[in-house]
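Let me begin by presenting the structure, written as structure tokens, before commenting on it.
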Amino acid sequence: MPLNGAFNAQAALASVNLPKRIARLADLVYNLWWTWNPDVTEIFEFIDRQLWSEVAHNPIKFLRRVKRQDLNAALQSPPFLELFDRVIAAFDTYMKAENTWYKREHSDKLDRQIAYFSTEFGLHESFPTYSGGLGVLSGDHAKEASDLGLPFVGVGLYYDQGYFSQHITEDGWQEAGYITYSFDDLPIIPLNDADGQPLMVSVELPGRTLHARLWKIQVGRIPLVLLDSDVPQNAPADRDLTARLYGGDKDTRICQEIVLGIGGVRALRLLGITPTVWHMNEGHSAFLTFECIRELIAAGLDFNAAVEKIKSETVFTTHTPVPAGNEEFPDWMMDRYFNQYWPSMGLTRDGLMDLARLQQSWGTSFGMSVLAIRMSRQSNGVSELHGQVSRKMWQFLFPGTPAERVPIGAITNGVHTGTWLARGMRDLYNRYLDADWLEEVDNPETWQPFLAVPDDELRATRLHLKRKLTSYIRDRARQQWQTTHRHPVQIVAAGTLLDPYKLTIGFARRFSTYKRGSLVMRDVDRLLRIVNNVKMPVQIIFAGKAHPMDDPGKKVIQEVYRQLKRAEFAGRIAFLEDYDINLARYLVQGVDVWMNNPRRPLEASGTSGMKAALNGALNFSILDGWWQEGYNGENGWAIGDESELDDHEAQDSKDAASLYDVLENQIQSLYYEDGSIGPSVGWLRRVREGISTLAPQFSMRRMVKQYVEEMYLSGPKA
Ligand SMILES: *Cc1c(COP(=O)(O)O)cnc(C)c1O
């Protein structure tokens, strides 16, 4: 099967001419396993720390640029060789997959095959296939599927320009830049046929056939198949079709979703893969059900039997708690793109439209989430609260069924421990938890010994991480100052005056209006008093992109930016440009408090707060999404209560008042309570409570096991 065919990483990097003793470095850099195993990073840092930072943690770029003399010097170092051998041995053991959770628990179901479709996979900052939370969730899901040993294949698109990079003007306006990533610098493995020709699939678009080439990314033990329209067989406009994630207009979107859904199924068939479960992560990939129906009709089934069959194999995860956020296409567009296709599904035009018809004020449209719900044996939201909201929102699809009985369940999101855990905290866990703690990370018992970690050790580790964050921030600011001709006030706004010994709050997420990024600025005078409290100063670090088409979101960034650069704030509030996985890692690992204040109940889950909790930051959040489940009164703080007012102004005032009260009366005073340099003893007690309660419950391991048991293996055997 070409998917597992021999790819020779060492040959692919032949031009690098690695010394024989460490030639297997090539195998490491062509498998994203390294991204959650920090010992591999240590190898690169040992060879040339400066270069590792210059290439933005891209190991292939690193190997292409590293000086032979630096490699030779490393070869002379016994500790380096010991590290290298240890890493290779760990990698080989991992890849043998002899004793995985899935094999132990489900040895009778090794023949299953789970195909997981998503528009985004956020695996690492050096790999441009994600924009934000949805992508990071898919990436973490794939990594955990690998760790647990699931029979799993991911399907997505390859975007050679990725999402966009963010630049903020002096007046706080977001500008977008695009970089084209070079194939040679990415761990992309070509999928070829027996003659060495690229494997291609095609889909029909109006007036033409679109071709897409198949690539593979190896994520530990599992493959991720990516489709790419940039091939010479396509017209120039079509070659750009998969260039940008969420770029272009609605036509681009429907074409991308046809490539992902229909092309994705054809890709798996070409690779000889027969999924027994199709998992649609968000509705973008729901056209895959069209293709499965078409295949079954071609094989002789009638339409109803085909639907029954595909329904028995498909599961759907929804992420969007507002109707407008769910993808839909107007009827005329469905006509345009599918008028050749519906006969092959055994349908008339009306029959096709009926599959997912939505009545809007302006006419009817075709809803991708509606299609996904109707074609799935099970659907789920991504937190308990989001499950409830989804059942209400989609109740109209199940006439006569009361909301609480609408068949949409909930599996709360989690985060991949190895990916998001700081090295310093990992060392602490290694010292105080049982040796197999990472294997048992989802078991609350695993974390009990952590309650005994001494204050001094915990405080020292937390301070170390905050110093790392501030030093990283200064390096970035210095680089901007040196290379991009910023106004001096922008260098202050970039965080150069932050003090690693003072209470620091992080707020980083997509800027869209419901997330209320400027809520903390609602009463600027009050905020000034809090921030500039002489004995107990508070710092706030903002980061996040607005979607390039979302001007209201960009205005929120501007409002925040215009305020924070005022001299009165004394450089204690910063906005960091270009939020990505790398910056997210520094922030969730380094800040003391992770703040989140969406308008309830619009945050389906949120995951960044889980990353922060895992590293010992305390959450301070609206009781929405995951925090509604996570908060126990002792492991962080709540903003506001469970009320949801129709009057947004009134809700915002109420929540802002609560935010200031808790910040001033509880958070600020607790941190500085006993005059320690760094967090007080009372604060550290809360940190231990936060880690031991939240790390297991919101781990990706808990989440993926739940998907396996409640979704993947619950249906009839195909
Ligand atoms: C985790 C993460 C997100 C998602 O965070 P939310 O809590 O859902 O806002 C977004 N972007 C990046 C880069 C992340 O790492």
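Note that ligands are numbered from 1 as they come in the structure, with each ligand's atoms numbered from 1 the same way. Numbering of residues begins at 1 and proceeds along the displayed sequence.
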TODO: With atom 8 (O) of ligand 1 as the reference point, say which of Ala612, Gly122, Gly625, Gly606 has the nearest heavy atom.
DONE: Gly606
Open item on the list: Considering Arg510, Lys545, Glu125, Lys611 one by one, which has a heavy atom nearer to atom 15 (O) of ligand 1 than any of the others?
Closed with: Lys611
Task: N-O pairing of Arg221 and Asp147 below 4.0 Å - done: no
- [ ] Determine, for Asp655 against Arg516, whether the closest basic-nitrogen to carboxylate-oxygen distance falls under 4.0 angstrom.
- [x]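 Between Arg516 and Asp655 there is a salt bridge, with a charged N closer than 4.0 Å to a carboxylate O.
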Task: Heavy-atom pair with the smallest gap, counting every atom of Ile168 and Arg486 - done: O-NH1, 4.3 Å
Task: side chain to side chain donor-acceptor pair (under 3.5 Å) between Asn58 and Tyr181, worked out - done: CA-CA 12 Å; Asn58 178 329; Tyr181 288 75; over 6 Å; no
With heavy atoms only and a cut-off of under 4.0 Å, state how [X] meets ligand 1: side chain, backbone, both or neither.
X: Trp626; answer: neither
X: Leu583; answer: neither
X: Ser608; answer: both

May I ask you to list the atoms of ligand 1 that are less than 4.0 angstrom from any heavy atom of [X]?
X: Gly132; result: 10 (C), 11 (N)
X: Val136; result: 14 (C), 15 (O)
X: Lys515; result: 9 (O)

Open item on the list: Looking only at protein heavy atoms, which one is nearest to atom 10 (C) of ligand 1, and what is the separation?
Closed with: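 Ranked first by proximity to atom 10 (C) of ligand 1 is Gly133 N, 3.3 Å.
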Open item on the list: Would Arg701 and Glu439 count as a salt bridge (charged side-chain N to carboxylate O under 4.0 Å, His left out) here? Give the steps.
Closed with: CA-CA 9 Å; Arg701 184 155 280 237; Glu439 191 61 28; 3.4 Å; yes
Open item on the list: Using a 3.5 Å distance criterion without hydrogens, assess whether the side chain of Asn619 forms a donor-acceptor pair with backbone atoms of Ser621.
Closed with: no
TODO: Take every heavy atom of Trp627, measure it against each atom of ligand 1, and state whether any distance is under 4.0 Å.
DONE: no
Task: Close approach, Arg585 and ligand 1, non-hydrogen under 4.0 angstrom - done: no
